[in-house]
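Just so we're on the same page: letters track the sequence lines, and every chain starts at 1.
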Amino acid sequence: MDRFDDVRTRFAPNPDGPLHLGNARPVILCHEYAKMYDGTFILRYEDTSPDVKAPIPEMYEAIMEDLRWLGAEPDEVYYQSDRLELYYRYARMLLEMGAAYVCTCPPERFKELYMRGEPCPCRGLSPQVHIDRWEGMLGGLYRKGEAVVRIKTDLRHPNPAVRDWPALRVATAPHPRVGTRYRVWPLYNFSCAIDDHEMGISHIIRGKEHEVNTVRQRYIYKYLGWDYPEVLSVGRLSLEAGVLSKSKIRAGIEAGTYIGWDDPRLGTLMALRRRGIQPEAVRMLMLEIGPKGVEARISWDNIAALNRRVVEPRANRYFFIENPKPLRIVGLNKPLEAKLPLHPDHPERGVRRLRVEPEDGAVDLQIAERDAERLRPGERVRLMGLMNIEVRETEPNLEAEPIPGDHLEARRMGLAFIHWLPKGLGVEAEVVMPDASRIKGLVEPLCLEEEAGSIVQFERFGFARIDSLKPLVAYYAHR
RNA sequence: GCUCCGGUGGUGUAGCCUGGACAAACAUAACGGCCUUUCGAGCCGUUGAUCGCGGGUUCAAAUCCCGCCCGGAGCACCA
């Protein structure tokens with residue numbers, strides 16, 4: 001803490017895909033930590049790989065959107081593709097100091113040597129030779145793969161991955177932001193080390209997979225006499241069901257398996273958002289998991305439980321009749337009206353009124369297929385808010401008649417409470433399930449007064465987010 | 001193979017550094033009850049773990065030491 005005046009944390013993604021649940025861990029932790037000490041939270045786009053992991057132009061904004069949604073809007077934003085000159089200056093400086101060298105060995109040959117802890121022929125050459133080679137790299141003398149700047153480290157380092165690691169290489173593919181203006185690009189460890197210092201980062205919170213990188217980056221700090229930030233390596237996150245891997249998602253989208261980056265089967269923030277998972281729930285989840293170095297496997301039950309807590313008080317209740325089946329009530333002569341609260345704990349929000357008007361002593365209703373299939377002649381159930389009934393026959397048509405008693409009586413008798421809608425009243429609707437399948441059904445018309453994006457509870461079905469109203473489409477969140 | 005992490009109720013985690021109040025905590029799931037109305041939400045409660053295996057140190061071990069087994073991550077001219 002006292003080594004730095006201000007707490008400055010950063011989140012540094014490659015804009016080659018949107019954020020997913022795994023990214024939320026460092027994001028929330030960095031943001032929370034910065035806020036806790038009245039510090040600064042920085043977003044730095046690490047878009048330095050035009051060839052291997054090319055940035056996707058729309059993703060710059062998508063990532064920003066994800067951060068805003070999470071409630072972690074950055075105080076400062078940087079693009080590494082704007083900072084090439086800066087990296088070049090430091091590269092030259094390190095070359096002049098003899099702390100780095102330009103290696104022109106074939107990669108396989110170099111690997112053989114460093115695995116044995118031996119220097120390659122380039123390493124011992126004078127700084128002047130390396131400066132010349134560096135000019136050559138910038139000037140186009142070397143093609144892709146022919147020269148690379150390496151940082152000198154301990155060649156006997158127990159971890160071979162640390163030995164004389166590569167810092168800058170030739171990459172000629174056009175970059176979406178700066179085109180072909182540069183042909184030498186820094187590798188992750190180099191630009192990251194330089195920027196962490198240049199941006200005054202005090203605390204690095206990042207995934208455990210970067211632990212070796214921390215060791216590598218410390219060499220730069222040592223050569224330049226800088227103070228390395230505090231590092232916290234958090235474990236990787238995995239989702240019990242739901243894909244997080246960017247490359248897999250991309251392949252799935254291209255193959256048409258997924259409808260897009262927000263396909264409900266995916267673990268992207270976009271997908272969670274669309275399914276009605278609230279940012280508060282993600283935040284609670286991350287804070288609950290904490291900054292430990294151990295990896296955590298997130299279960300949907302867990303996300304759902306957290307989200308339910310957030311969403312339950314907000315969600316108005318409606319009847320959604322999945323795969324509607326007809327139910328005829330006979331022996332009913334007077335009209336009835338069911339009055340159901342929009343929310344059981346918030347009577348002030350009002351009620352839903354559903355009128356039932358019998359003709360010739362009978363009225364037709366619609367109930368969910370699941371309920372219809374379970375009914376047997378002689379069985380009694382309660383139509384929520386309306387009346388208790390006893391089934392007379394199921395073939396050829398499902399028919400029942402009213403029996404006396406209120407809901408308390410129904411409860412005493414242990415009857416099931418089922419939801420229903422008068423025939424002809426329901427609005428056609430579709431619910432997109434977590435496995436991307438779609439369930440068709442009818443929703444009570446009052447639901448159309450909800451706004452797109454709001455969360456509702458379809459009673460005895462589950463919580464869902466209204467995705468669109470004109471055709472009524474909802475995304476299923478969880479029970 | 002090498003480097004580094006983990007293995008705690010059905011599931012996901014806390015506790016381990018700084019042994020003792022841990023007859024192990026939280027959440028979730030399951031089960032049961034309640035509810036002017038959800039057999040799927042809510043509320044209340046119950047069940048459920050000899051803390052990977054074996055040995056050692058100690059008055060005392062989930063916690064410390066040794067060995068073994070199992071799982072994960074990293075070992076790029078990716079980030």
Side-chain angles (χ1 to χ4, degrees), chain A residues 12-17 45-49 51-55 80 103-107 110-111 114-115 142 144-150 157-163 165-171 184-189 191-192 206-213 215 233 235-236 238 240 246-247 284-285 288-290 292-306 308-309 311-313 315 317 319 338-341 343-345 347 370-371 374 381-388 406-411 414-419 457-463 478-479:
Chain A
N14 179 351
D16 65 343
Y45 292 109
E46 305 216 328
D47 53 349
T48 58
S49 181
D51 45 3
V52 183
K53 282 189 178 174
Q80 285 194 324
C103 174
T104 56
C105 301
F110 182 83
K111 188 170 182 181
Y114 85 69
M115 288 309 280
Y142 297 99
K144 186 179 170 174
E146 290 181 344
V148 58
V149 176
R150 294 186 176 280
H157 191 100
N159 189 346
V162 171
R163 300 173 192 164
W165 54 270
L168 301 103
R169 89 307 201 171
V170 176
V184 175
W185 287 85
L187 273 328
Y188 169 75
N189 282 293
S191 42
C192 179
R206 64 181 162 203
K208 207 186 192 59
E209 67 273 22
H210 287 295
E211 263 174 347
V212 190
N213 292 327
V215 178
S233 295
R236 307 245 299 169
S238 57
E240 148 206 68
K246 275 189 246 184
S247 50
M284 285 193 281
L285 181 66
E288 196 174 288
I289 292 169
K292 278 284 186 161
V294 292
E295 55 207 74
R297 178 169 289 102
I298 299 168
S299 70
W300 270 107
D301 277 346
N302 229 299
I303 298 177
L306 255 14
R308 205 176 284 130
R309 216 178 289 167
V311 125
E312 197 277 331
R317 316 292 152 116
F319 286 165
K339 278 193 280 185
L340 295 144
H343 189 113
D345 300 330
R370 228 172 4 155
D371 290 326
R374 224 174 12 213
V381 294
R382 173 158 184 88
L383 299 174
M384 287 168 72
L386 193 68
M387 62 181 158
N388 302 338
D406 57 8
H407 70 280
L408 292 171
E409 179 66 18
R411 196 123 66 189
L415 305 190
F417 284 58
I418 69 170
H419 52 119
Q457 188 201 42
F458 292 141
E459 291 190 85
R460 301 206 314 130
F461 182 78
F463 290 92
H478 45 72
R479 270 190 356 220

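At a threshold of 4.0 angstrom between heavy atoms, the contacts of A:H210 include nucleobase atoms, whether or not backbone atoms are also involved. Looking at heavy-atom distances under 4.0 Å, A:G462 makes no contact with the nucleic acid at all. Across all strands shown, A:P313 has no heavy atoms under 4.0 Å from either base or sugar-phosphate atoms. Note on A:D371: a base of the nucleic acid sits closer than 4.0 angstrom, heavy atoms only. Within 4.0 Å (heavy atoms only), A:F110 reaches no atom of the nucleic acid at all. Across all strands, A:E312 comes closer than 4.0 Å only to sugar-phosphate atoms, never to a base (heavy-atom distances). A:P166 comes within contact range of the sugar-phosphate backbone alone, with a heavy-atom separation under 4.0 Å but no base atom that close. Counting any heavy atom pair closer than 4.0 Å across all strands shown, A:N213 reaches a base atom.
The backbone N or O of A:P186 lies less than 3.5 Å from a partner atom in the side chain of A:R169, making a donor-acceptor pair. Using modelled atom types, no side-chain atom of A:N388 and backbone atom of A:L383 make a donor-acceptor pair closer than 3.5 Å. Between the side chain of A:R479 and the main chain of A:A304, no donor-acceptor pair closer than 3.5 Å is present. Looking at A:R163, its side chain does come within 3.5 Å of a backbone N or O of A:H157 through a donor-acceptor pair.
For the pair A:E209 CD and B:C78 C1', the computed distance is 12 Å after rounding to whole Å. Between the CG atom of A:L285 and the P atom of B:A14 there is a distance of 12 Å, given to the nearest Å. For the pair A:M284 CE and B:U13 P, the interatomic distance rounds to 18 Å; values are reported in whole Å. When the C1' atom of B:A79 is taken as reference, atom CG of A:D16 falls 8 Å away, rounded to whole Å. At whole-Å resolution of the value, CH2 in A:W185 and P in B:A79 are 10 Å apart. Rounding to whole angstrom units, CE of residue A:M115 and P of B:U3 are separated by 11 Å. If you measure from atom CZ of A:R163 to atom P of B:C2, you get 13 Å, rounded to the nearest angstrom. Nucleotide B:G12 holds its P atom 14 Å from the CD1 atom of A:I303, rounded to whole Å.
Across B:A25 and B:U37, the matching P atoms stand 35 Å from one another, rounded to whole Å. As rounded to the nearest Å, B:G6 and B:U63 have P atoms that lie 14 Å from one another. B:G67 and B:C75: their P atoms are spaced 28 Å apart (whole Å). B:A61 and B:C65: their P atoms are spaced 16 Å apart (whole Å). As rounded to the nearest Å, B:A49 and B:A14 have C1' atoms that lie 14 Å from one another. Using atom C1' as the reference point in both B:C68 and B:C31, the two lie 39 Å apart (nearest Å). For the P atoms, the distance linking B:C70 with B:A27 amounts to 35 Å, nearest Å. Taking the P atoms as reference points, B:U8 lies 9 Å from B:U13, given to the whole Å.
Neither OP1 nor OP2 of B:C75 sits under 4.0 Å from any side-chain N or O of A:K111.
The distance from atom CE of A:M384 to atom CG of A:L386, rounded to the nearest 0.5 Å, is 11.5 Å. The line from CZ of A:F319 to CD of A:Q457 is 10.5 Å long, rounded to the nearest 0.5 Å. Note: A:L285 CG to A:L306 CG = 5.5 Å, rounded to the nearest 0.5 Å. Taking NE2 of A:H419 as the reference point, atom CG of A:L340 lies at 12.0 Å (rounded to 0.5 Å).
Across all their heavy atoms, A:D47 and A:N14 have their closest contact at CA-OD1, 4.5 Å. Pairing each heavy atom of A:V212 with each of A:V162, the nearest pair is CG1-CG2, 3.9 Å.
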Evaluate the side-chain contact (heavy atoms from CB on, under 4.5 Å) criterion for residues A:I303 and A:H478: first the C-alpha distance (whole Å), next the side-chain angles of each, then the deciding distance (0.1 Å), finally the verdict.
CA-CA 9 Å; A:I303 298 177; A:H478 45 72; over 6 Å; no
Using the side-chain contact (heavy atoms from CB on, under 4.5 Å) rule, take A:E46 and A:C192 through it: C-alpha gap first, then chi angles, then the decisive distance, then the call.
CA-CA 8 Å; A:E46 305 216 328; A:C192 179; 4.3 Å; yes
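Both key distances under 3.5 Å define a Watson-Crick or G-U pair, and stretches of 3 or more such consecutive pairs in RNA chain B run B:1-7 with B:69-75, B:10-13 with B:25-28, B:30-34 with B:42-46, B:52-56 with B:64-68.
Of all nucleotides listed (B:U37, B:C78, B:G74), B:U37 comes nearest to the side chain of A:P344.
For A:L415 and A:N14, each mapped to the nucleotide of RNA chain B holding its nearest heavy atom, the one lying further toward the 5' end belongs to A:L415. Between A:H419 and A:E211, it is A:E211 whose nearest contact on RNA chain B lies nearer the 5' terminus.
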Summarise how protein sits on nucleotides 26-36 of chain B as a single string, 5' to 3': B when a protein heavy atom is under 4.0 Å from the base, S for sugar-phosphate-only contact, - for no contact.
-SSS-----BS
